Asks: 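Mind having a look at this structure? Questions to follow.
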Amino acid sequence: MSPTGTQSPRYSRILGTGSFLPADRVTNQDLAQRLAADGIETSDEWIVERTGIRARHFAVPEQASSDLALPASQAALEAAGIAAEELDLIIVATSTPDMVFPSTACLLQKKLGVHGCAAFDVQAVCSGFVYALSVADAMIKSGAANKALVVGAEVFSRILDFKDRTTCVLFGDGAGAVVLGASAEPGILATELHADARHTDILCTPGTVAGGQVVGSPFLKMDGQAVFKLAVGVLEKVARSVLEKAGKTDADIDWLIPHQANIRIMQGTAKKLKMDLNKLIVTVDEHGNTSAASVPLALDAAVRSGRVQRGDLVMLEGVGGGFTWGAALLNY
Ligand code: UT7
């Protein structure tokens with residue numbers, strides 16, 4: 001409470017970022033060769049021209065999402081100067097959890113060697129990190145948490161059908177993390193989340209586990225063009241909405257970090273926001289689409305390369321299966 005008896009404002013702020021990519025870097029040429037062995041034709045030219053992707057990383061069979069989340073989280077904790085024991089909340093955004101249950105967040109808690117703090121997963125596919133960040137922000141603002149670890153971690157290679165060239169060339173594995181802390185200074189300024197479940201069918205992995213078996217397809221299916229059209233529309237709209245909520249305009253944005261799925265969607269969004277393309281953070285070329293991990297992986301790359309500096313205004317955006325989308329505007 002302030003001396004006048006009014007509650008002083010409480011915000012959440014990013015204290016540190018981290019990320020991790022599995023060692024196996026697979027270029028488009030490598031992948032084209034692997035697919036050719038099964039009679040599936042693709043090429044570096046097609047993949048680069050349609051998506052901007054040049055390489056992706058694949059986990060080995062022994063590596064689950066929590067194994068990628070652990071080094072990403074440790075790097076974020078170190079950057080924040082926070083011990084894992086100080087966390088009172090862990091949220092992992094993933095659509096490729098280690099198991100049906102317990103949550104990947106609980107498994108990560110165990111691997112971090114701590115216990116007691118709240119831990120749960122958020123499932124919003126490629127919008128997952130923005131969803132998880134928004135939940136953590138609300139919990140910190142409300143006083144329900146003080147220090148939160150928010151992670152996006154995926155092993156999408158597990159759900160790819162390597163006989164379907166329209167999807168298997170697009171995705172990769174990885175993890176990114178941020179530590180959020182309560183702050184009197186504004187960090188996260190505004191967030192907004194959406195879903196429109198009329199479009200569940202255009203991007204889904206419909207299989208489930210029942211009676212000791214996988215029932216339905218365990219592979220990712222996507223109507224790429226339908227997703228493309230929806231993504232382009234919603235990313236501009238939700239960005240403008242969070243800008244308005246925060247009392248900012250598109251000219252104020254220092255860095256745009258959208259979900260890294262396709263360079264054409266990302267550049268289209270930047271142009272609609274009248275942004276210089278050099279303010280767009282791009283990692284899709286090296287990571288492919290890592291679903292919920294893509295935004296925190298790109299944020300960490302931008303921070304560690306010195307592009308995103310303290311005080312910069314950063315727009316994070318997610319879009320993907322559900323159909324889900326959302327944005328978070330923050331002072332880094
Ligand atoms: O993470 C959630 C968000 N996801 C997205 O944002 C993905 C959004 N969608 C996209 O990025 C694009 O729609 C794709 C990259 C998936 C596809 O690009 P496109 O320009 O929409 O291509 P298309 O699906 O229209 O396919 C064009 C042609 C087809 O051949 P025909 O019918 O014209 O003869 C495909 O069969 O390209 C063919 N094709 C390929 N050729 C070589 C499809 N995949 C491949 C491939 N290699 N891997």
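Just so you know, ligand 1 is whichever comes first in the structure, and atom 1 is the first atom listed for that ligand. Computed from a prediction, not measured in an experiment: that's the story for all the values here.
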Asks: Using a 3.5 Å cut-off on N or O atoms only, is A231 in polar contact with ligand 1?
Replies: no
Asks: Considering only heavy atoms of A261, which atoms of ligand 1 have at least one such atom less than 4.0 Å away?
Replies: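 Listed by number with element, the hits are 3 (C), 4 (N), 5 (C), 6 (O).
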Asks: Identify whether the distance between the nearest side-chain nitrogen and carboxylate oxygen of D98 and K110 falls below 4.0 Å.
Replies: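 Result for this pair is no, no salt bridge flagged.
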Asks: Tell me which protein heavy atom sits closest to atom 11 (O) of ligand 1, plus the residue, atom name and distance to 0.1 Å.
Replies: N262 ND2, 2.6 Å
Asks: Quick test of your reading of the model: are D173 and R158 salt-bridged, counting only N-O distances below 4.0 Å?
Replies: no
Asks: Roughly how far, to the nearest 0.5 Å, is CD1 of I281 from CG of L297?
Replies: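 If I round to the nearest 0.5 Å, the distance is 13.0 Å.
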Asks: Could you tell me whether E244 and R240 make a salt bridge, using a distance below 4.0 angstrom between a side-chain N and a carboxylate O?
Replies: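 Between R240 and E244 there is no salt bridge, as every charged N stays at least 4.0 Å from the carboxylate O atoms.
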Asks: Less than 4.0 Å is my threshold; does some heavy atom of L170 fall inside it relative to ligand 1?
Replies: yes
Asks: Could you list the atoms of ligand 1 found under 4.0 angstrom from a heavy atom of I265?
Replies: 6 (O), 8 (C)
Asks: Strictly distance-based, threshold 3.5 Å: is any side-chain N or O of E41 a donor or acceptor partner for the main-chain N or O of G39?
Replies: no
Asks: Can you list the atoms of ligand 1 that are under 4.0 Å from a heavy atom of C126?
Replies: 1 (O), 2 (C)
Asks: Any idea how H57 and H287 line up, ring-wise: parallel (<30°), tilted (30 to 60°), or perpendicular (>60°)?
Replies: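 Ring orientation, 0 to 90° scale: perpendicular.
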Asks: How close does the nearest protein non-hydrogen atom get to atom 4 (N) of ligand 1, and which residue and atom is it?
Replies: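 For atom 4 (N) of ligand 1, the nearest protein heavy atom is V227 CG1, 3.5 Å.
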Asks: Atom 2 (C) of ligand 1: protein heavy atom closer than 4.0 Å?
Replies: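 Flag for atom 2 (C) of ligand 1 set to true, protein heavy atom closer than 4.0 Å.
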Asks: Any chance you could measure K147, atom NZ, to L15, atom CG, to the nearest 0.5 Å?
Replies: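 One gets 7.0 Å once the value is rounded to the nearest 0.5 Å.
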Asks: Quick check: do V169 and T51 have side-chain heavy atoms less than 4.5 Å from each other?
Replies: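 Not touching, per the 4.5 Å side-chain cut-off.
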Asks: For atom NZ of K237, is the number of surrounding heavy atoms from other residues, nucleotides or ligands below 6.0 Å larger than 12?
Replies: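 For K237, atom NZ is not crowded (no more than 12 foreign heavy atoms under 6.0 Å).
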Asks: Any atoms of ligand 1 less than 4.0 Å from a non-hydrogen atom of L203? List them with their elements.
Replies: 2 (C)
Asks: Closer than 4.0 Å and a protein heavy atom, does any atom meet both conditions relative to atom 6 (O) of ligand 1?
Replies: yes
Asks: Can you check atom 19 (P) of ligand 1: any protein non-hydrogen atom closer than 4.0 Å?
Replies: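 At least one protein heavy atom is under 4.0 Å away.
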Asks: In the protein, what heavy atom is nearest to atom 47 (N) of ligand 1, and what distance, to one decimal place, separates them?
Replies: T42 OG1, 2.7 Å
Asks: Which atoms from ligand 1 have a heavy atom of T51 less than 4.0 Å away?
Replies: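 Near T51, meaning under 4.0 Å from one of its heavy atoms, ligand 1 has 15 (C).
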Asks: Would the distance check show the side chain of D38 and the main-chain N or O of L35 forming a donor-acceptor pair, the cut-off being under 3.5 Å?
Replies: no
Asks: In terms of atom number and element, which parts of ligand 1 are under 4.0 angstrom from non-hydrogen atoms of V169?
Replies: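 Matching atoms, with element in brackets: 48 (N).
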Asks: Could you list the atoms of ligand 1 found under 4.0 angstrom from a heavy atom of H259?
Replies: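 Selected atoms, number and element: 1 (O), 2 (C).
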Asks: When you group the ILVMFWY residues by side-chain heavy-atom contacts below 4.5 Å and let the links chain together, are V234 and L193 in the same group?
Replies: no
Asks: Can you tell me the protein heavy atom closest to atom 8 (C) of ligand 1 and the distance?
Replies: G224 O, 3.6 Å
Asks: Does a side-chain heavy-atom distance below 4.5 Å link M275 with L280?
Replies: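 SC-SC contact between M275 and L280 ruled out.
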Asks: Please check: side-chain N/O of D254 versus main-chain N/O of L313, any donor-acceptor pairing under 3.5 Å?
Replies: yes
Asks: Which option, R50, M222, R264, owns the non-hydrogen atom nearest atom 22 (O) of ligand 1?
Replies: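 Among R50, M222, R264, the closest heavy atom to atom 22 (O) of ligand 1 comes from R50.
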Asks: Ion pair present between K141 and D137, side-chain N to carboxylate O less than 4.0 angstrom?
Replies: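 Judged by the 4.0 Å cut-off on N to carboxylate O distance, K141 and D137 do form a salt bridge.
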Asks: Please determine whether any non-hydrogen atom of I47 lies less than 4.0 Å from an atom of ligand 1.
Replies: no
Asks: List ligand 1 atoms under 4.0 Å from N289, heavy atoms only on the residue side.
Replies: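 Going through ligand 1 atom by atom, the ones under 4.0 Å from N289 are 1 (O), 2 (C).
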Asks: Heavy atoms of the protein only: does one fall short of 4.0 Å from atom 31 (P) of ligand 1?
Replies: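 For atom 31 (P) of ligand 1 the answer is no, since every protein heavy atom stays at 4.0 Å or beyond.
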Asks: Starting from atom 36 (O) of ligand 1, locate the nearest protein heavy atom and write down its residue, its atom name and how far away it is, to 0.1 Å.
Replies: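 That would be R165 NH2, 3.2 Å.
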Asks: Among F171, W46, F156, which one puts a heavy atom closest to atom 45 (C) of ligand 1?
Replies: W46
Asks: Suppose we measure from atom 24 (O) of ligand 1 to each protein heavy atom; which comes out shortest, and what is that distance?
Replies: Q225 NE2, 4.1 Å
